[in-house]
Number of protein chains: 2
Amino acid sequence: MSDALSGLGALAHETRLAAFRLLVRAGPNGLAAGTIASRLGVGATVMSFHLAELTQAGLVDSRRDGRSIIYAANYKRVGALLDYLIEDCCQGTCGSRANTTKEVSHETDAR
Amino acid sequence: MSDALSGLGALAHETRLAAFRLLVRAGPNGLAAGTIASRLGVGATVMSFHLAELTQAGLVDSRRDGRSIIYAANYKRVGALLDYLIEDCCQGTCGSRANTTKEVSHETDAR
DNA sequence: TGTATATTTCTATAAATATCGAAGTATGAA
DNA sequence: TTCATACTTCGATATTTATAGAAATATACA
């Protein structure tokens with residue numbers, strides 16, 4: 001759950017969410033830090049900071065390729081976060097894509 | 001996507017995530033603010049602050065019942081957030097529960 | 001080797017969030 | 001009415017995050 005917390009925190013920022021979406025779409029090949037920065041229109045320093053946050057949360061990985069550092073989504077970790085949200089937070093009852101037919105019993109008293 | 005951002009931000013805090021999980025489990029009847037606070041061991045002021053954040057993000061609703069204010073998960077909004085994450089951020093490719101068999105084409109160049 | 005490129009790390013500062021006690025509001029009950 | 005309960009809002013302070021430029025590191029290439 002601490003993983004979930006840091007994952008949520010990592011995605012809870014405009015620039016990071018945008019970068020993350022680029023990376024998910026880019027696929028396993030990933031994108032260079034500079035490419036992400038210029039596509040999002042942010043400076044290298046700020047991009048580096050945010051990519052570090054995403055990395056620390058485990059949502060993306062990085063590797064060096066020449067002068068560039070290539071970031072790529074860590075699909076396994078992202079999936080784990082989604083699974084946590086769907087199962088531990090929603091008991092599988094929320095969402096259309098996320099939804100599975102499953103019986104859930106709730107508590108009855110609001111106090 | 002701004003909804004998603006505020007939803008993620010709302011969940012990205014230990015106390016709020018814990019409160020949210022209680023509420024999801026409590027079902028439509030919800031739980032009184034004081035109940036949540038005492039179950040989580042936090043003060044009324046702090047709880048109120050965090051419940052307000054969750055409310056503002058649309059993840060929970062509240063209603064008054066006598067002296068209590070009852071909070072309940074807004075399953076519809078939560079589901080929408082999950083759907084956004086699964087479809088817009090993962091293209092339906094991440095997670096086991098979240099996963100659906102779907103062909104996805106990625107970009108080929110990392111630069 | 002020297003220079004340019006790509007990116008990170010450092011340092012300072014700014015901005016957003018969180019915490020806590022005190023005061024305020026709404027409700028119920030004596 | 002008055003008192004107690006359940007919460008929220010306010011105001012001050014503390015803490016965490018984010019931004020930006022300068023300096024540092026790593027690689028490539030002439």
Side-chain angles (χ1 to χ4, degrees), chain A residues 2-20 22-23 26 29-73 109-111, chain B residues 2-20 22-23 26 29-73 109-111:
Chain A
S2 175
D3 276 3
L5 252 182
S6 62
L8 289 165
L11 294 179
H13 186 281
E14 189 172 12
T15 301
R16 288 195 297 262
L17 184 57
F20 176 73
L22 280 180
L23 290 175
N29 286 347
L31 292 171
T35 303
I36 303 171
S38 65
R39 287 208 197 164
L40 299 182
V42 307
T45 298
V46 167
M47 195 70 254
S48 186
F49 169 78
H50 290 303
L51 288 171
E53 296 282 305
L54 286 167
T55 302
Q56 199 165 358
L59 298 178
V60 307
D61 295 318
S62 64
R63 64 193 142 91
R64 179 174 279 278
D65 175 21
R67 275 176 283 199
S68 295
I69 293 186
I70 310 292
Y71 287 85
D109 192 355
R111 308 294 167 79
Chain B
S2 176
D3 276 2
L5 253 183
S6 61
L8 289 166
L11 293 179
H13 186 281
E14 190 172 10
T15 301
R16 288 195 298 261
L17 184 57
F20 176 72
L22 280 180
L23 290 175
N29 286 346
L31 292 171
T35 304
I36 303 171
S38 66
R39 287 209 195 161
L40 299 182
V42 308
T45 298
V46 167
M47 195 70 254
S48 185
F49 169 79
H50 290 304
L51 287 171
E53 295 281 307
L54 286 168
T55 301
Q56 200 166 0
L59 299 178
V60 308
D61 296 319
S62 64
R63 62 192 143 93
R64 178 174 279 278
D65 174 21
R67 277 177 281 201
S68 296
I69 294 185
I70 310 293
Y71 287 85
D109 192 354
R111 308 294 169 79

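For the numbers below, each heavy atom of this structure counts, side chains included, while hydrogens, waters and symmetry mates do not. Throughout, protein chains are lettered first and strands after them, A, B, ... in sequence-line order, and every chain is numbered starting at 1.
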Minimum heavy-atom distance A:A10-A:E53, with the two atoms named: CB-O, 4.1 Å
Rounded to the nearest angstrom, tell me the gap between atom CZ in A:R64 and atom C1' in D:dT25. 8 Å
Side chain of A:R67 (C-beta onward), nearest among D:dA20, D:dC29, D:dC7: D:dC29
Expressed as a whole number of angstroms, how long is the span from A:I36:CD1 to C:dA6:C1'? 13 Å
What integer distance in Å separates A:D65:CG from C:dT8:P? 14 Å
A:A33 has its side chain closest, among C:dT8, D:dC7, C:dA18, to C:dT8
Starting at CD1 of B:I69 and ending at C1' of D:dT5, how long is that distance when rounded to a whole Å? 13 Å
A:V42 and A:T15: which non-hydrogen atoms are nearest, and at how many Å? CG1-CG2, 4.2 Å
Euclidean distance, atom CD of residue A:E14 to atom C1' of D:dT19 [Å, nearest integer]: 14 Å
Checking C:dT8, C:dA18, D:dC29 against the side chain of B:F49 (C-beta onward), the nearest is C:dA18
Compare the minimum distances between each of C:dT19, D:dT17, C:dT7 and the side chain of A:S68, then state the nucleotide with the smallest one. C:dT7
In whole angstroms, the gap separating C1' of C:dT7 from CG of A:L40 amounts to 16 Å
Which value, rounded to the nearest 0.5 Å, describes the distance between A:D61 atom CG and A:L54 atom CG? 11.0 Å
Taken to the nearest 0.5 Å, the spacing of B:I69 CD1 from B:R63 CZ works out to 11.5 Å
To the closest 0.5 Å, what do you measure between CD (A:Q56) and CG (A:L51)? 12.5 Å
Separation of C:dT8 P from A:R63 CZ (nearest whole Å): 14 Å
Side-chain N or O of A:R16 less than 4.0 angstrom from OP1 or OP2 on D:dA18? yes
In this structure, how many angstroms lie between the P atom of C:dA18 and the CG atom of A:L5, rounded? 11 Å
Roughly how far, to the nearest 0.5 Å, is CZ of A:F49 from NE2 of A:H13? 7.5 Å
Supply the atom-to-atom distance B:L8 CG to A:E14 CD, rounded to the nearest 0.5 angstrom. 12.5 Å
Toward the 5' end of DNA chain D, which comes first, B:A44 or A:A12, by nearest nucleotide? B:A44
If you take any heavy atom closer than 4.0 Å to DNA chain D, which residues from residues 51-60 of chain B end up in contact? none
OP1 or OP2 of D:dT19 less than 4.0 angstrom from a side-chain nitrogen or oxygen of A:H50, does that happen here? yes
For B:G43, answer base if it contacts any base atom (sugar-phosphate contacts may also be present), sugar-phosphate if it contacts only those atoms, and nothing otherwise; contact means non-hydrogen atoms under 4.0 Å. nothing
In terms of side-chain heavy atoms of B:T45, which of C:dT8, D:dA18, C:dG21 is nearest? C:dG21
Check the phosphate of C:dA6 against A:Y71, side-chain N and O only, distance under 4.0 Å to OP1 or OP2. Yes or no? no
Once you round to the nearest 0.5 Å, how far does NE2 of B:H50 lie from CD1 of B:I36? 12.5 Å
